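The structure presented is a predicted model; accordingly, all values stated were derived computationally and were not measured.
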2 protein chains.
Amino acid sequence: MRLSEGVEWAVHCCTVLAALPPERTLGAGALAEFFEVPKAYLAKHLQALSQHGVVDAVPGRNGGYRLARATAKITLRDIVTAIEGPGPCFRCQEIRRRGPSGQPKRCYTAPCGIARAMWAAEKVYLDALARTTLAKLIAEAAHEVSHEQQAAMARWLEQAA
Amino acid sequence: MRLSEGVEWAVHCCTVLAALPPERTLGAGALAEFFEVPKAYLAKHLQALSQHGVVDAVPGRNGGYRLARATAKITLRDIVTAIEGPGPCFRCQEIRRRGPSGQPKRCYTAPCGIARAMWAAEKVYLDALARTTLAKLIAEAAHEVSHEQQAAMARWLEQAA
DNA sequence: GAATGGGTACTCGGATATAACTTGTCCGAGTCTCTTAGG
DNA sequence: CCTAAGAGACTCGGACAAGTTATATCCGAGTACCCATTC
């Protein structure tokens, strides 16, 4: 089990977008330059965020991306789900039905207990992600990141305007 | 993010091994027949379980696998970790250091807040898996599975002896 | 009849191909801006 | 001077390859059993 590195990219991009003045946007190219990642591939992930309503995409010359709603309303779960897809990590293949001691399908009404346990753990995981808002992440970072770097980021945002 | 289907195979195999009389073993071939899965590939996963101390492998003619300890001492976390590997799902690439506003490495002492949040969620997930013992799964299944199927499984275990 | 040595059959274990998915790239559709020509 | 039309440039969006991991397979090493031979 391994998450796509696109998740890390997406979350970081959202924190940068959160620093923008209202209505301003930032293009995939600018974000790719900011993080030194392949532009086209980052664009793919931003596209996923856009399709899931995490960010808004503005087409046209001065277009780009901006957060679709307030940082307090965006959670890590939203971003992870957008990048990784909605399906559960554990896919029950119902192998209990197969083999010599398997029974007809009608005998299996409830989901397999193993699958239920795995899904319950996944729910706990996603709930934990849902409790972490983008606003909380940014507030934490504000205390930890040096003023120097925050200034450097502000300067970069200006020149990228 | 997607778990290997080997996880499902491994857990089901453990429940079958738990039904064996003490000291009896079951080979990879028998388990593969029971679940109608490719024998060689299942063997690979059983090998992983063996290396992580979940099951014991007995070589030789009447050899095979048996649980390494009591079902109450084996958790879903043990099995998932054995199959999927020990590393975290989220691998922080430290992209915060990169790009035009990145700072020298010494400026980043604590792990990235994003990574901390992701890892905290993973810990919750693994803790949930660790609370689900094999004994609990089997006890639940005993109430749900029909007596007919339990008898079929017992018969199969006899003829596989 | 009992013991022993060897052959055989069955087991696990790791090294080896194939398939699927993640990663990475490219080009087309659409939109805003700037320029320029005309009124 | 103001307006408006058109070209241009920059944006997102989906379609198209390459690399890596998961899937599937095979063959070798080792062990216990079975049987024949011998005492």
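- If you measure from atom CZ of A/R61 to atom P of D/dC10, you get 6 Å, rounded to the nearest angstrom.
- We find that A/E140 and B/R116 are joined by a salt bridge, their nearest charged nitrogen and carboxylate oxygen being less than 4.0 Å apart.
- With sequence neighbours excluded, no residue satisfies salt bridge (Lys or Arg N to Asp or Glu O under 4.0 Å) with B/E148.
- Among the atoms of the strands shown, none is found under 4.0 Å from any heavy atom of B/A43.
- Pairs of residues two or more places apart, or lying in two chains, that qualify as salt bridge (charged side-chain N to carboxylate O under 4.0 Å, His left out) and include a residue from residues 1-23 of chain A are A/E23-A/R66.
- Between the OG1 atom in A/T15 and the CD1 atom in B/I114 there is a gap of 5.5 Å [rounded to 0.5 Å].
- B/R69 meets the side chain to side chain donor-acceptor pair (under 3.5 Å) test with B/D78; sequence neighbours excluded.
- At the heavy-atom level, B/S50 lies under 4.0 Å from the strands shown only through sugar-phosphate atoms.
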Is there any protein nitrogen or oxygen under 3.5 Å from a nitrogen or oxygen in nucleotides 18-24 of chain D, and what are the pairs?
unit_1	atom_1	unit_2	atom_2	d
D/dT23	OP2	B/S4	OG	2.7
D/dT23	OP2	B/Y41	OH	2.9
D/dT23	O5'	B/Y41	OH	3.1
D/dA24	OP2	B/E5	OE2	3.2

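- Between chain A and DNA chain C, the heavy-atom contact criterion of under 4.0 Å yields a 5' to 3' nucleotide range of C/dT23 to C/dT33.
- The salt bridge (Lys or Arg N to Asp or Glu O under 4.0 Å) search around B/E94 returns B/R96, B/R97, not counting sequence neighbours.
- As a whole-Å value, the separation of A/L31 CG from D/dT11 P is 11 Å.
- Look at B/R131 and B/D127 and you find no salt bridge, because none of the NZ, NE, NH1 or NH2 atoms lies under 4.0 Å from a carboxylate O.
- Sequence order on DNA chain D of the closest nucleotides to B/L42 and A/A57 puts A/A57 first from the 5' end.
- Rounded to whole Å, the distance from CD on B/Q47 to P on D/dA29 is 16 Å.
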Step-by-step side chain to side chain donor-acceptor pair (under 3.5 Å) determination, A/Q149 to B/Y108: CA-CA 11 Å; A/Q149 178 161 14; B/Y108 303 95; 2.9 Å; yes

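- Contact check, A/Q51 against D/dG13: no side-chain N or O comes under 4.0 Å of OP1 or OP2.
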